[in-house]
Amino acid sequence: MHDDRRLTEVRLDRFLRERIIPAVYPRRVPLALSSWDVPGEPVPVQDALRQKFIPQDQGAAWGQPWSTKWLRLQGEVPDSWGSSADTAVEILVDLGFSGDLPGFQCEGTAWRADGSVIKAISPRNQYIPLKLLGSGMSVDFFVEAAANPDLSQGWTFAATPYGDKATAGTEPQYRLGPIVIAELNQAVWELHQDIATLSGLMHELPMELPRRHEILRALERMLDVMDPDDVPGTAAAGRAALAEVLARPAYASAHQLVATGHAHIDSAWLWPVRETIRKCARTFSNVVALMDEDPAFVFSCSSAQQLAWIKEYYPELFGRIREKVKTGQFVPVGGMWVESDSNMPGGEAMARQFLEGKSFFLAEFGVECQEAWLPDTFGYSAALPQIVKAAGSRWFLTQKISWNQVNRMPHHTFHWEGIDGTRLFTHFPPVDTYSSEISARELAHAERNYRDHGRGTMSLLPFGYGDGGGGPTREMLAAARRNADLEGSPKVRLGSAAELFASAEQEYQGLPVWVGEMYLELHRGTYTSQANTKRGNRRSEHLLREAELWCATAAVRTGAPYPAAELKRLWRLVLLQQFHDILPGSSIAWVHQDAERNYAAVARELEAIIASAAAAVLGEGEQEFLLNAAPHPRRGVPALAAAKPVRAAAPVQSTDADGGYVLDNGIIRAVVNADGLLVSLRDHGSSREAIAPGEFGNLLELHRDTPNEWDAWDIDAFYRRNVTPLTEARSVTLERDGGAAVVVVERLAGTSVVTQRIRLEPGAASLAISTGVDWQEREKLLKLGFAFDVRADRSASETQFGHVFRPTHLNTSWEAAKFEICAHRWIHVAESGYGVAVSNDSSYGHDVTRRIRADDGGTTTIVRVSLLRAPKFPDPNADRGWHELTVTVRPGASIADAVQEGYRTNLTPRVVRGARGAEPLFTVSNPGLVIEAVKLAEDGSGDVIVRLYESLGERSAGTVSANFAATGVWTVDLLERPADAPGVTIRDGAAELALRPFQLLTLRFQR
């Protein structure tokens, strides 16, 4: 038989393009337009509808970047349109869409004259059914058109001015396309979907498979029976020609896909938060409209914050969503306030993501999410399994690990084991996207890619346009129906994530186990980009700790009112900033400007709350008290107490040394040379030198930082090959600050002026180095390094409620890929009997390397902190300006010392005047059991909640005692509900603990 396959395929493509697609809407008439341009930021619908609309030409240019134009669309449907069973009347609105992805360009929201939302207008969802207008055969409604610029630029990562309104300019971005009343031919539309499904499947099947050729010949018969001059009249015959091949059932062993609608809407990214709110309304109105048409359609919605916005700004739409939740079609998932980053938020912040998210879903919908849902977060902390389980959830879903540059995850369904031993049923959809279009290519990839064949038979298929929103379309639902049971395709059924998890958990016994973090081998620069945002996050987390502690203390000790509503509002604002494109520093300038303003407001409000609580606790007086919010004693003040601090130790001794200085406080001794480099650091307890022979600490290094793509996200390994050590100082001087000695070093990093203050305090076990930089570099990376004389085969990095060990060697590609790692407040390297801790006040990116010295055979372990970057996309001025970043170095440090140093560096001593001190609300007998939060209960009962964890990675026993009258003690989950906890015995109003390594525990004390 002659091979005419390509001839038929080309024939099909042209027939589809020139005959079928135009025949979907064979008749169109233009609408009359009028418009009103919003002079500034978007306005509520009722404000817009009161404005004077002026005539608007079709095809006109419109939309300076980030502006809003309101359009009024008016007209009459021609007689007899939509009168047959195969036709319907729709309005088509083209705002000037390009062929690029939805969500990254202009968008619109259709509104009725009564101010209710109809649905969205987007590039691949341009229609509005006439029946939704509720106005008979007359057309009269409004479109709120958003001129969001396309910052994706084809993902060239070129610098763009559009991310900041101040630099975006005023040139119109779009030109209106056709805005018409159109008659939809249902038969032709259905035929189009048949062809899309079969043609797509055909191209995925192997050439030698008979099924491929059967489909080709069926499509050929369809082309033969169709009249190109009368597509509507012959569409039924064309469909009949395809019916037999569409009816062939799937193989019995076909992979099963549970397709759940989704719209991964980034809460901020290449658009500001204010636009995300509108994106949510557009997407959710689309979803609800689709649900009205298809009762089988199920949509998974993850972020509580996004639904909270809808409740506040679109209450009518929120009511419709609530009804769809009741029917099981609109399904809240994830149980988090936002889809946050999971590497950098502190332990308590991650706990609050679930507390606030799950509480919102329970209060508003009566739904408790059983799955954590983080498809796009840039790596997954090894602490997450325990936190998810402590929130009362059972399952975890991600997708992002498919982006790994080097190593491929060995499983798609598995148990994930966290740092404490908690195991979490985890699924990683093999379709490798959270925004599937249910294309044949994606379905085939999901089946081929699934790594657990023979043990599992199913996976999840999240479908719908995402990132910038849009969600599922009717075309996607049509594809799902056609692939429900189709030979050559996986079996697709509409459903929820919970259905997939429950079925997969039941069928797949003896799951494989992944232990530790799921490190993303990409986007390593997000630990460092946008330093001000990261500093704001760290500062806010610790201010919230202080505020809750002292407000709880004031409530218990004095009966002062507890500002629960204010604290919740501030927590939620901080949690929003932890979204996985805000805290990582990968958003446009506008987003980070908003974040910095929010952090400043949070700090102001929390400082006022703390001051008020302190005044209530201490009373009026002139005595000085140290409010110690740390979980360890400080300057003689017990943990969590307010008391008079012990007078400082003897002043630090300082002497000149060859143009540098020697600092000695009797606990540690540091030598800074004439170039401001740390050449010696000893603790008197061991008398051991921490700095490697002939090497330095406090070494700033400036790297070229030009990643291949994803500028703000990525650091590529080749950055290390271009480095300038900053070994020359412009000046090195000594200052005294009370009893402390401070070496001040000035130098240049490129063209940026750097001022370092190397400070040794009386009685301190660590040396503090504050680096102030007027950062003016572009595409550079600034690191601060310390070369330690330590043979460390692994490093310990703080993570939520514990720490994670990572090898310092490069034995495998998995270790080699971790050339940049995340640590919270401290990182620790050690050999048996000796270690060094490096803490920080706002940095997250680090790298740890090692080398063997040729002269003495010793090992040098280099710990470097990533201070600043200067990526050009998406914010071309990222990080430019003034920064101050502090690290401390503690020689002779154990893990316990590192934990204490982390709190010490991040909780600035707070000295307040008053009349009396206050004993701590709680006392813990073992310092390895660390209290992370003290607060009053969410239910307003006045009960006191204390959250603590085992911090040393070992079995630890101790007692938690309340220093107030407590009538009962319970173990509870993160939502403060009774929950069993191993290793806890309640006796005499106290909790006796025997905790496993890194165990997290929440206790509720009834007053």
Side-chain angles (χ1 to χ4, degrees), residues 632 662-672 677-699 758 760-761 763-769 784-799 802-809 815 821 823-840 846-865 887-905 927-928 930 950-956 997-998:
H632 309 100
V662 178
L663 312 181
D664 195 329
N665 66 358
I667 300 173
I668 64 173
R669 177 180 183 273
V671 180
V672 180
L677 302 174
L678 186 62
V679 294
S680 176
L681 183 64
R682 294 176 181 268
D683 66 289
H684 288 292
S686 70
S687 298
R688 175 168 168 170
E689 177 60 63
I691 303 299
E695 304 211 48
F696 308 111
N698 191 41
L699 176 61
I758 304 170
L760 185 59
E761 291 273 359
S766 62
L767 184 70
I769 302 172
L784 178 62
F786 300 87
F788 296 126
D789 188 11
V790 174
R791 182 169 172 76
D793 59 359
R794 63 183 185 175
S795 64
S797 299
E798 188 189 32
T799 189
H803 53 269
V804 60
F805 289 109
R806 300 181 179 100
T808 59
H809 60 72
E815 280 109 30
I821 57 176
H824 285 196
R825 292 169 292 202
W826 57 265
I827 191 166
H828 181 265
V829 292
E831 60 188 49
S832 180
Y834 183 84
V836 184
V838 178
S839 78
N840 71 82
H846 297 73
D847 71 281
V848 182
T849 55
R850 61 197 290 273
R851 57 174 173 258
I852 304 300
R853 301 189 293 271
D855 52 354
D856 65 356
T859 302
T860 298
T861 299
I862 302 101
V863 175
R864 298 197 302 170
V865 184
V887 302
T888 73
V889 189
R890 184 163 176 168
S894 63
I895 290 285
D897 295 330
V899 173
Q900 291 190 24
E901 194 66 27
Y903 283 102
R904 180 178 179 273
T905 302
V930 171
E950 197 291 315
S951 66
L952 305 181
E954 60 190 38
R955 292 184 179 273
S956 295
F998 303 128

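Just so you know, these numbers use all the heavy atoms, side chains as well, and skip hydrogens, waters and symmetry mates.
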Counting distance only, does the side-chain N/O of [X] pair as donor-acceptor with the main-chain N or O of [Y] below 3.5 Å?
X    : Y    : answer
H828 : G835 : no
E689 : A692 : no
S797 : I827 : no
N665 : L760 : no
E831 : G833 : no
T861 : V790 : yes

Whether [Y] and [X] form a salt bridge (side-chain N of Lys/Arg under 4.0 Å from carboxylate O of Asp/Glu) is what I want to check.
X    : Y    : value
R850 : E815 : no
R825 : E798 : yes
E761 : R904 : no
D789 : R853 : yes

Check the pair V930, Y903 against side-chain contact (heavy atoms from CB on, under 4.5 Å), reporting the backbone distance first and the verdict last.
-> CA-CA 11 Å; V930 171; Y903 283 102; 3.3 Å; yes

Check the pair V848 / R806 against side-chain contact (heavy atoms from CB on, under 4.5 Å), numbers first and verdict last.
-> CA-CA 9 Å; V848 182; R806 300 181 179 100; over 6 Å; no

Only residue of T860, L677, V679 satisfying side chain to side chain contact (heavy atoms under 4.5 Å, CB included) with E695 is T860

Within residues 889-898 or reaching into it, pairs that qualify as salt bridge (charged side-chain N to carboxylate O under 4.0 Å, His left out) - sequence neighbours excluded | R890-D897, R890-E901

Please name the pair of heavy atoms, one in [X] and one in [Y], separated by the smallest distance, quoted to 0.1 Å.
X    : Y    : value
G802 : F998 : CA-CD2, 3.5 Å
T888 : S766 : CB-OG, 4.0 Å
N840 : W826 : ND2-N, 4.2 Å
G857 : I852 : O-CG2, 3.8 Å
I668 : A765 : CG2-O, 3.6 Å
F805 : A796 : CE2-CB, 3.6 Å

Any non-hydrogen side-chain atom of [X] less than 4.5 Å from a side-chain atom of [Y]?
X    : Y    : value
S680 : R669 : yes
F786 : V887 : yes
I862 : R851 : yes

Applying side-chain hydrogen bond (donor to acceptor under 3.5 Å, both in side chains) to R955 and not counting sequence neighbours gives none

At what distance, to the nearest 0.5 angstrom, does CZ of R688 lie from CG of D683?
-> 9.5 Å

Just wondering, are more than 12 heavy atoms of other shown residues or ligands nearer than 6.0 Å to CZ in R791?
-> no

Which residues satisfy the side chain to side chain contact (heavy atoms under 4.5 Å, CB included) test with V672, sequence neighbours excluded?
-> L678, V743, I758

Distance-only side-chain donor-acceptor flag, S795 / T808, under 3.5 Å = no

